[in-house]
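Presented below is the structure to which this report refers.
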Amino acid sequence: MSIKEDRIVESLLFSAGKPLSVEEIQETTGMSPKHVSDAIDHLMQSYNNERKDETSLEIVKAGSKFIMQVKKTFTEKSMMVAKPEIRTDLLKTLALIAFHQPVKQSNLRHMIGERIYGDVDQLMNMHLVHSEPHGATEVLTTTRLFPEYFGIDSTKPEEIREFLAKKVIGHVVKEKQQELSKEDESVSEANTEEQSPQTQMKSE
Amino acid sequence: MSIKEDRIVESLLFSAGKPLSVEEIQETTGMSPKHVSDAIDHLMQSYNNERKDETSLEIVKAGSKFIMQVKKTFTEKSMMVAKPEIRTDLLKTLALIAFHQPVKQSNLRHMIGERIYGDVDQLMNMHLVHSEPHGATEVLTTTRLFPEYFGIDSTKPEEIREFLAKKVIGHVVKEKQQELSKEDESVSEANTEEQSPQTQMKSE
Amino acid sequence: MELDNDIINHLLFHKALIDENNDMSRINQYLEMATAAATGESTSIQDPFDRSVFLAFDLVLNQHMNPWDIDLVSFSTMYLKRAKKEKIDLLTAGKIIYMAWQVLRMQSDHLVVNMETKEQEVDQGFGWEDIPTSSWLANDDEYSYTNLLMKMPQPPLEEPLRRDSTRKVTLIELLSAFDEARKESEQYQLLDHLRQEERIILEQKARSAMKGSAHEDHLEEDVAAVWEKISQFPKKTMNFTEICEVDSAEERIKTFVSILFLAYEKKIMVHQQKFPYGEIFIKTLGFT
């Protein structure tokens, strides 16, 4: 039943949300490697060629694995609805660590409470934060993965901190500018409204 | 460009991994509500009807939102890569609340015992159940997330109740039918055994 | 397999329910179908009436009989009358009601397609919607929704399989998160400060109230004794009455004060549903 096997592999590639190897698909489905490869071939043929203009999705080879993803043309919009891989609470804790590093865990507890312990565990599991014993507490820094992840061109904690501080200032300034420009817009809108009767009068 | 809009909405439904409302799609894409609804209609028509046998995916209405998900027939195989989150016991408690809602916590305690307190806490943490103080007890209802989470095409308690009743009766009917068909089999087996010597005799 | 007279009688009875415009030949057709269906699962339904009802629906569902050929209004009235008078196998009844739903669904689909409003006919008298399925399901009997649900191996709710995918977080999001974290941290520190001040005041008040009383010496012992009872309790949750075995005012106060202390020490969680005289529930924390 090759058609049914195509469907099973399709549902797997869809639900995984990450690249899957032939072995992984084989283990989950119990299909033979040949059947898995055939199914992937059929799906790629269908998605990327036959139905190319009738779908926004594609199946591509990523390294030795395969992934179902949104075509490049459509990524910009779809990115906006996708879930971020670090949930907001955890991201806040990560940001605090990155900005205050090297920072004692006990100090962070004073800042945000008991939550810090669980958060640090999770961030360490994600290899984004490193912890070093220091007396009765732990001193936290970001790992080498951190600058890589956020595209920061430095691995030194002090430089990362500085870079982020500058960015925050820039960010705040930019936000402020946007607020101001919005106010400007509403002012100019008000102006347009004022002008429009004149324009009407002119056209009359 | 309705075809391109279909593709954009498709890519959004694919990427979100959670139900999206027409408003959310509208905000992300800048499309008009009418165009968004049209695109969803086209996609549902294509996935769920025209290409029904050529895809393992479907687009369903979940509460008042929409989501792309794996068809039930293929879930079991793909479940291995994305495991279910809620344990059976808790799902049953939730199914009780959803059927009897609005229901007093004290009544549920009579049905399933002390366990209800812990279960309700967990379901509330998952934002699937809402609790409202009512005299000495709490009155429980399902939240708006409930139909979204399970892909139930209604937000009305009566319709949710009917959905659940059908599922339960459906299960009972299926069980009964299996019992009956087993009985039939054993009857027909017995018949075959009885007949076969006769057939043999005739052929002799 | 032979059809018994009862079934034929009941099929003839169905003839009475079928639209008069249909000719007699139809019933012969049904009889033929029934002969075929009789070899199927319907044979194991003992009650002839149920069997006939089953067959009637089976004809619609499996033999593609026109659903409008069964008059549900008169049929349901007859069926309910019978159900009230005699004890009917509820499993079979459930099955029939479920099938009736399906038939009703087919009828309504049919109705939508035809755009012919037969509403008036349906509105008169008794309809399937009047059958109290919800009360049947909400009852406390063996066949209630609750009991059926608890006996099912799988719950009626299934988690659909959706895409488990996430995207990377951007630097901008990290910066915004910092902005929010900074504000939240300020609020947290302020609240924490207030909480500590409150705590000190409360402790001072409690100490001065206890001073000189006989309770002061025994309080720690009392708390330890109650904690011992709670930790030896087989369940993680219990209520006040279970802990306070001796029913005297002194014992109740002793237990109650100890519970408050244990709650303060975060060893237990205390909650009450009916305020102020309802039962007090105790839940142990951080111990197994």
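Since the model is a prediction, treat every value here as computed from it, not as a measurement. Convention: sequence-line order gives letters A, B, ...; per-chain numbering from 1.
When side chains are defined from C-beta on, A:Arg144 does not count as touching A:His130, because their heavy atoms never get closer than 4.5 Å. Between B:Ile86 and B:Leu128, the closest side-chain pair of non-hydrogen atoms falls below 4.5 Å. Within the 4.5 Å cutoff, the side chain of B:Lys104 has heavy atoms near those of the B:His134 side chain.
Contacts from residues 48-55 of chain B to chain A, taken as heavy-atom pairs separated by less than 4.5 Å, involve B:Arg51, B:Asp53, B:Glu54, B:Thr55 in sequence order.
Salt bridge status for A:Glu10 with A:Arg7: present, with a side-chain N to carboxylate O gap under 4.0 Å.
Using a 4.5 Å cut-off between heavy atoms, A:Met68 contacts chain B through both its backbone and its side chain. Looking at B:Glu27, there are no atoms closer than 4.5 Å to chain A (heavy atoms on both sides), in backbone or side chain. When heavy atoms are compared at a cutoff of 4.5 Å, B:Lys71 does not approach chain A at all. Looking at B:Leu20, only its side chain comes within 4.5 Å of chain A, counting heavy atoms on both sides.
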Original post:
Could you go step by step and tell me if A:Gln101 and A:Thr142 meet the side chain to side chain donor-acceptor pair (under 3.5 Å) rule?
Top reply: CA-CA 7 Å; A:Gln101 67 181 311; A:Thr142 54; 3.0 Å; yes
Subject >> Test log, rule side chain to side chain contact (heavy atoms under 4.5 Å, CB included), inputs B:Gln69 and B:Glu58 >> reply: CA-CA 6 Å; B:Gln69 63 186 31; B:Glu58 62 180 3; 3.2 Å; yes
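Distance check: A:Phe14 CZ to B:Phe14 CZ gives 6.5 Å after rounding to the nearest 0.5 Å.
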For a quick test of your reading: what N or O donor-acceptor pairs under 3.5 Å do the side chains of residues 117-127 of chain A make, sequence neighbours left out?
{"residue": "A:Tyr117", "atom": "OH", "partner": "A:Arg109", "partner atom": "NE", "Å": "3.2"}
{"residue": "A:Asp119", "atom": "OD2", "partner": "A:Thr93", "partner atom": "OG1", "Å": "2.6"}
{"residue": "A:Asp119", "atom": "OD2", "partner": "A:Arg115", "partner atom": "NE", "Å": "3.0"}

